[in-house]
Undergrad: 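If you scroll down you'll find the structure; I have some questions about it.
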Amino acid sequence: MTDSKYFTTTKKGEIFELKSELNSDKKEKKREAVKKVIASMTVGKDVSALFPDVVNCMQTDNLELKKLVYLYLMNYAKSNPDMAIMAVNTFVKDCEDPNPLIRALAVRTMGCIRVEKITEYLCEPLRKCLRDEDPYVRKTAAVCVAKLYDINAQLVDDQGFLEQLKELLSDSNPMVVANAVAALSEMNEASITGSPLIEMNSQTINKLLTALNECTEWGQVFILDSLANYSPKDDREAQSICERITPRLAHANAAVVLSAIKVLMKLMEMLPTDSDFVTTLTKKLAPPLVTLLSTEPEVQYVALRNINLIVQKRPDILKHEMKVFFVKYNDPIYVKLEKLDIMIRLASQANIAQVLSELKEYATEVDVDFVRKAVRAIGRCAIKVEQSAERCVSTLLDLIQTKVNYVVQEAIVVIKDIFRKYPNKYESIISLLCENLDTLDEPEARASMIWIIGEYAERIDNADELLESFLEGFHDENTQVQLQLLTAIVKLFLKRPTDTQELVQQVLSLATQDSDNPDLRDRGFIYWRLLSTDPGAAKDVVLAEKPLISEETDLLEPTLLDELVCHISSLASVYHKPPNAFVEGRPGLRKSLPARNENTSASNVPQAAVIPAPQESLIGDLLSMDLTTPAVVPTSVQPPSVDLLASGLDSLLTTSDLPAASSSNTGLLGDIFGFTPTPVSYSPPKQLWLPSENGKGLEIMGTFSRKNGQISMDMTLKNKAMQPMSGFAIQLNKNSFGLTPARPLQVLNPLLPTASYETSLSLATTGLVQRMEPITNLQVAIKNNIDVLYYACIIPMNVFFIEDGQMDKRVFLKTWKDIPAENEVQFTLKNVLCNTEAIVLKMSQNNVFTIAKRHVEGQDMLYQSLKLTNGNWVLNELKIQPGNPNITLSLKLLAMEVAQGVFQAYDAILHS
């Protein structure tokens, strides 16, 4: 008879009957009663009243009965902690049982009972089990240490369990080693400090590698994950570890394969890229990845998401394996889309013909989402591989001829990107595109078509009629279409002003007077003021030459990619997000790949700065970000009551040179075009530097500021003595930044009693340098007719931010990657009440320049650079989440000692 009988009883007085059965003298009846109790517990009945009776059943030699009682204890101990102590003696006794299974069961159960009162009794049995002669007991005890650490981390440290775990790393049994590694990894993850609990060394790593060949597949995963966190001391050790891990690539378990690849990817960063070993290793990585694609779809998807990261980091690994990513007819849609993405990443001049042939086939499939992505992929191929552009355009035209609505719309979207990449090359197809205007009903496709008409208005005879057809339903259009239509008509007007005046006035009126959208209104007002004030400037702005679009705009940013490569084979590599983005309460310890070990001659690296020479072959990640230039736009602007276009039209139609805008137009135009007063950098309020009691009657209050590229010491000197003061002079001690007076101190002579005098002393950075603590400390001596007086003050770091601190995007990207991960520090700026634009503006006023801006996962990412007076560069990343007043500031720099000062400068500026 099966165990289902235990779940069917519905007798009255069941608890009473169970109680009597549990206290029966017959072992068989007692075992049946415990089974009934467990069955009741399983279906959700409260059987906690039987706690003392069940605990009494622990005194048995029957392993099955003991397991059932332990299961009951694990469930009810937390709600009955006082009664659970009754079982402690039995636990301790079972930990010394001759049967290793019972010893292991006892220590496992004690670890699972999360009751503070029991943990103190657990220590001694656990210590014995960690040294047990049976490996099964030792491996169970190792996991129990991790459970105890989760309950009381301090207790584990005090009782010396960490050292015992470290000893187990040298155990003769590979499963014990694997469980010890797993326990340490779990404890490291839960560690509040984020620093490793036990430092790995060469000897320990050697023992782990020895155990790797003999333990189970999950033990191998634990060991490989630990190896991924180890940084070899030199190339030779890294190469040795690679050689010993490589056989794991042939393992049948996908988790072992991906964990091995993760370790190899990290170690390859430490080896010279042009070495024969790396070339050989790269070839060995391809077959296991290909093999993963012959498994079931779910495993394929996980493998593909990991391959996506690997291909972005090292495209050479799979460059000859394009065919395995070709879509099969029975692939689920999620696998198809992922394969398509990887195909584009691997596309090159060598295989582009093959790829295009496949993509054209995909574009005739029945799955709409897949077809759309296939059409977009053709456009991405054209942008990525210039030699294939003509063939891609021809393929897209063939697809447009099919007249399938969603295919045509996607084709027009990607053709717009092709025009951006290759201007004045394929414009002959515009007439064919215009034939499909009536079929466009999606906002992105309509916006793309409008952009094409506006951009090439001089080549389209009826451009005004085409744009007017869109204008008829202006208020029903999507915002994206409205903005594009406004810009396109202004372009048309600037190219053909004679016959489009009415059209441009109509669209400006619709955008500014009849629209509720602030973006559309603001853009309309800017165009309106530009055209009415200075049509020449309008031409320069609206018809400016556009930069070519980047080849790859969907690559992960380098720092995130490096972090995700360190998390291959985990959930982070599937989500393409760092663990702290989706795991609550996780410590913010960021993993990163080691700095690449390249031999560079000292002559190629500047000493003061950290900028390497820019290179052409860079990942276009940060390069594709939107550069934000803050513009102060008024919150509400009334539409003009007169026709502002009138004067602008006349001047535009004349052939004479256009006069510049008069200086009287400094209202809205002044805000838009920068006719505002020069912004003043942040200067902290004056502080008391020298009290009168220490200065023999002289009180000095002061601060530091930076004006017109010059550091100033701004002071208020007050005479609180009973006699006049004269003969003032000042001297600065050697300091971290070489500050020295640029001219003598100017003070009213004499300074009469009760009088005060404001003075500003210009400082140069050409003096003697000596490291101070803190680094911004400045020691000052000031002399007058009474005595020589001494005081010290702290200089705000922002006065050392110089005006030429704006780094080129390419150089910024290269420098960010070249600075080692250990030179990155994170701070939290709390209670910042500025939005992104205000932050950009405030920091730019203080010589902190925004290089790029991105919107990622609902938050704004700002990348900024600044340069100090001593030539050191600091690269900054700001993570700004709308609605959250706390901002994460990450600094990358070679001179780590200035990091705290830079953070304090940010904090002061953003709270000013």
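No hydrogens, no waters, no symmetry mates; every other heavy atom, side chains included, goes into these values.
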Undergrad: Would Thr836 and Asp860 count as having a side-chain donor-acceptor pair, cut-off 3.5 Å?
TA: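 Present: a donor and an acceptor within the cut-off.
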Undergrad: Looking at Ile568, is its backbone amide N or carbonyl O close enough to the side chain of Asn306 to form a donor-acceptor pair, meaning the two atoms are under 3.5 Å apart?
TA: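 The answer is no, because no donor-acceptor pair under 3.5 Å joins these two groups.
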Undergrad: Is it the case that over 12 heavy atoms from other parts of the model lie below 6.0 angstrom from the CZ atom of Phe222?
TA: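 12 or below, so no.
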Undergrad: Decide yes or no for Lys313 and Asp562: does some side-chain heavy atom of the first lie under 4.5 Å from some side-chain heavy atom of the second?
TA: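 In short, these two side chains touch, coming nearer than 4.5 Å.
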Undergrad: Would you find more than 12 non-hydrogen atoms of other residues, nucleotides or ligands less than 6.0 Å from Tyr575 atom OH?
TA: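 Atom OH in Tyr575 is not crowded, with 12 or fewer foreign heavy atoms closer than 6.0 Å.
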Undergrad: Run the salt-bridge test on Asp225 and Lys262 with the 4.0 Å N-O cut-off and return the result as yes or no.
TA: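 Looking at Lys262 together with Asp225, the answer is yes, because their closest N to O distance falls below 4.0 Å.
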Undergrad: Does a side-chain heavy-atom distance below 4.5 Å link Leu486 with Arg523?
TA: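 Side-chain contact under 4.5 Å: yes.
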Undergrad: Check this for me, if you would: do Asp818 and Lys892 make a salt bridge, where the nitrogen-to-carboxylate-oxygen distance has to be below 4.0 angstrom?
TA: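 No, no charged N to carboxylate O under 4.0 Å.
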Undergrad: Side chain to side chain contact (heavy atoms under 4.5 Å, CB included), that's the test. Do Ile344 and Leu359 meet it? Break it down for me.
TA: CA-CA 10 Å; Ile344 305 308; Leu359 293 176; 4.3 Å; yes
Undergrad: Hey, are Glu442 and Arg372 close enough for a salt bridge, meaning a charged N less than 4.0 Å from a carboxylate O?
TA: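 Result for this pair is yes, salt bridge flagged.
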Undergrad: Could you pull out all donor-acceptor pairs under 3.5 Å where a side-chain atom in residues 290-299 meets a protein atom, sequence neighbours excluded?
TA:
unit_1 : atom_1 : unit_2 : atom_2 : d
Thr291 : OG1    : Pro287 : O      : 2.8
Ser294 : OG     : Thr291 : O      : 2.6
Thr295 : OG1    : Leu292 : O      : 2.6

Undergrad: If we ignore hydrogens and angles and just use 3.5 Å, is the side chain of His576 paired with the main-chain N or O of Leu309 as donor and acceptor?
TA: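 Not a single qualifying donor-acceptor pair exists.
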Undergrad: May I ask you to decide if Gln484's main-chain N or O and Thr487's side chain share a donor-acceptor pair within less than 3.5 Å?
TA: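 Checking the backbone N and O of Gln484 against the side chain of Thr487, no donor-acceptor pair under 3.5 Å is found.
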Undergrad: For Glu358 and Tyr362, test the side chains for any donor-to-acceptor distance below 3.5 angstrom and give the result as yes or no.
TA: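 Yes - a donor-acceptor pair under 3.5 Å links their side chains.
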Undergrad: Heavy-atom distance under 4.5 Å between the side chains of Val481 and Ile450, does that happen here?
TA: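 Val481 reaches Ile450 side chain to side chain.
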Undergrad: Hey, what do you get for NZ (Lys284) to CG (Leu264), rounding to the nearest 0.5 Å?
TA: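 Here the interatomic distance stands at 9.5 Å.
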Undergrad: With a distance cut-off below 6.0 Å to the six-membered ring centre and an angular limit of 45° from the axis, does Lys336 pair with Phe370 as a cation-pi contact?
TA: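 Yes.
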Undergrad: With a sphere of 6.0 Å drawn around CD of Glu365, does it hold more than 12 non-hydrogen atoms of other residues, nucleotides or ligands?
TA: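 Counting other residues, nucleotides and ligands, CD of Glu365 exceeds 12 neighbours.
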Undergrad: Could you tell me whether the side chain of Arg446 and the main chain of Leu440 form a donor-acceptor pair under 3.5 Å?
TA: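 Yes.
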Undergrad: Is there a side-chain contact between Thr559 and Glu877 (heavy atoms, below 4.5 Å)?
TA: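 They are in side-chain contact.
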Undergrad: Between Ser448 and Glu444 (side chain of the first, backbone of the second, donor and acceptor by atom type, cut-off under 3.5 Å), is there such a pair?
TA: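 Confirmed, Ser448 side chain pairs with Glu444 backbone.
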Undergrad: For the residue pair Ser259 / Arg248, report whether a side-chain donor-acceptor contact shorter than 3.5 Å exists.
TA: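 Ser259 and Arg248 do not have a side-chain donor-acceptor pair below 3.5 Å.
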